[in-house]
Amino acid sequence: MRVIVLGAGVVGTASAWYLARAGHEVTVIERQGTAGLETSFANGGQVSASHAEPWANPGVPAKLLQWLGREDAPLLFRPRAEWRQWAWGARFLFECLPFRNHANTRQLLALALYSRALLQQLRRDTGIEYDQLARGILAFHTDEQAFQRAAAQAERMRRYGCVCEAKTAEACIAIEPAMRHAADRIVGGIYTPDDESGDACKFTQGLARLAAEQGVRFEYGRTIKRLEAEGGRVRRVVLADAAGRDDPVAAEAYVVALGSYSPLLLAPLGVSLPVYPLKGYSITVPLEPADEAPTVSLTDVEHKLVFSRLGDRLRVAGTAEMDDYNTEVDDARCQAIVRRTFDLFPGAGRPERAEFWTGLRPATPSNLPCVGRTRYPNLFLNTGHGTLGWTLACGSGQAIADIVAGRVPEPDFRFTGVPARARSVLVASPGSG
Ligand SMILES: Cc1cc2nc3c(=O)[nH]c(=O)nc-3n(C[C@H](O)[C@H](O)[C@H](O)COP(=O)(O)OP(=O)(O)OC[C@H]3O[C@@H](n4cnc5c(N)ncnc54)[C@H](O)[C@@H]3O)c2cc1C
């Protein structure tokens, strides 16, 4: 079947890869000059399957009140006269309720563990290199109460099948000696030895090259203007030619993987997505051989920052800002990340060499991505991966390839418009009663 994938971020590229492996003739349309240049460009690098908890959790509403109006707050709400932003915020608060948080955690975990296994398989099959490190993730705490809550949550994650170990401050420093300068502040940490890190952009571009070798056609520098439907099916996707004129292309199926921009192109078709752009920042510090930067990927829980060593660079990412599609780099927010980084790791390169970046996470209130079908039988979704797009990319890519082929994907995840796995097994099995 001819399939057009819209968007060549980490999610679209992984979708194209798995669709091509399933035997489809795949074309990817992307407005940038190559793959992975928007939100997948300089993210935190963590493949954090065992930490795949939604941002919406019972502790967040109280924190939001504390952070209100603080420019350096890890989560900053810039109110706009826009119902989409307020509706998203209200739904986010609902998803913070304990019963929602538990259900969402289970869902995310199922997809994330599946995705991590597929990423490892892909590495074995192709030898793809992306500055990956499989040394685990250590989420460290500087607040005793928060650490106690995290230890209880780790217990729950263990029940769901994760390897998740609570560690004392001394044990944290033994795992990552570069943390010793902050020894007096660390109260403990949660270590997940099976988690990984790596450069999502290098991965995306490497996978795009591999996919192209398998026959996937990448059309870069092509802006999608709109999707057109007729008779209950998507008929074509209209691109802009060099002069901005309509240039339609058609296929039998379409997969939307446009990150934060997905709802804008789908709304005119009457497909509404609960995806809102959640702006985040990262800094990337070049390292010299003598520099002392962590090699175990870290999460600074109180400051909501993640640290990943990517070859000869240290990437530090975090903060979330609800400010519509504004991608301006706010120097003050980046300098706050620089200060915290060099406060914890004084030997990790030179602060003045840090490069700043910002990206828009395609966030849903529950943190669950929209992967699956729409009311148009030839229009599919793979979008809304929020804080976890790199972690979930391979799993969602394989899942959408299964859904396009009419199969129920393997993980026990609430795929959009697809019957739950257990139910479909019952339906498929004649003797099941
Ligand atoms: C600061 C920060 C830190 C993060 N850290 C992590 C992390 O540690 N681990 C993790 O798992 N996730 C992390 N994430 C989340 C992750 O980066 C995203 O979820 C992921 O990159 C989303 O990928 P995507 O392919 O859906 O979107 P994108 O990468 O944005 O891809 C969408 C593509 O669609 C294209 N496009 C959009 N509109 C059009 C159009 N009209 N025409 C043509 N092309 C179009 C864009 O150019 C883009 O290339 C982080 C995000 C941020 C911002």
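No hydrogens, no waters, no symmetry mates; every other heavy atom, side chains included, goes into these values. Just follow the structure's listing: the first ligand is 1, and inside any ligand the first atom is 1.
Heavy-atom contacts of W390 reach the following atoms of ligand 1: 10 (C), 11 (O), 12 (N) (cutoff under 4.0 Å). Less than 4.0 angstrom separates some heavy atom of Y281 from each of these atoms of ligand 1: 1 (C). Counting the atoms of ligand 1 from 1 in the order shown, those under 4.0 Å from a heavy atom of Q46 are 7 (C), 8 (O), 9 (N), 10 (C), 11 (O).
Residue contacts with ligand 1 leave out S48, since none of its heavy atoms falls under 4.0 Å from the ligand. Heavy atoms of S282 come nearer than 4.0 angstrom to ligand 1 in no pair at all. Note on ligand 1: L37 sits outside its first shell, no heavy atom being nearer than 4.0 Å. Distances from ligand 1 to the non-hydrogen atoms of L388 include at least one value under 4.0 Å. At a 4.0 Å cut-off, at least one heavy atom of L265 sits close enough to ligand 1 to count as contact. Ligand 1 is never approached by K225 to a heavy-atom distance shorter than 4.0 Å.
Ring geometry, Y130 versus F203: the interplanar angle exceeds 60°, so the pair is classed perpendicular (tilted spans 30 to 60°).
Across every non-hydrogen atom of T223 and R31, the tightest pair is OG1-CB, 3.6 Å.
One finds no salt bridge joining R315 and E355 here, because no Lys/Arg side-chain nitrogen approaches an Asp/Glu carboxylate oxygen to under 4.0 Å.
In this structure, atom 23 (O) of ligand 1 lies nearest to the protein heavy atom S40 OG, 3.3 Å. Of the protein's heavy atoms, E30 OE1, 3.4 Å lies nearest to atom 48 (C) of ligand 1.
By the neighbour-count criterion of 12 heavy atoms within 6.0 Å, atom CZ of R217 is sparsely surrounded, having that number or fewer from other residues, nucleotides or ligands. Around the CZ atom of R156, the shell of radius 6.0 Å holds more than 12 heavy atoms that belong to other residues, nucleotides or ligands.
The closest heavy-atom contact to atom 10 (C) of ligand 1, among the options I224, T387, N382, comes from T387.
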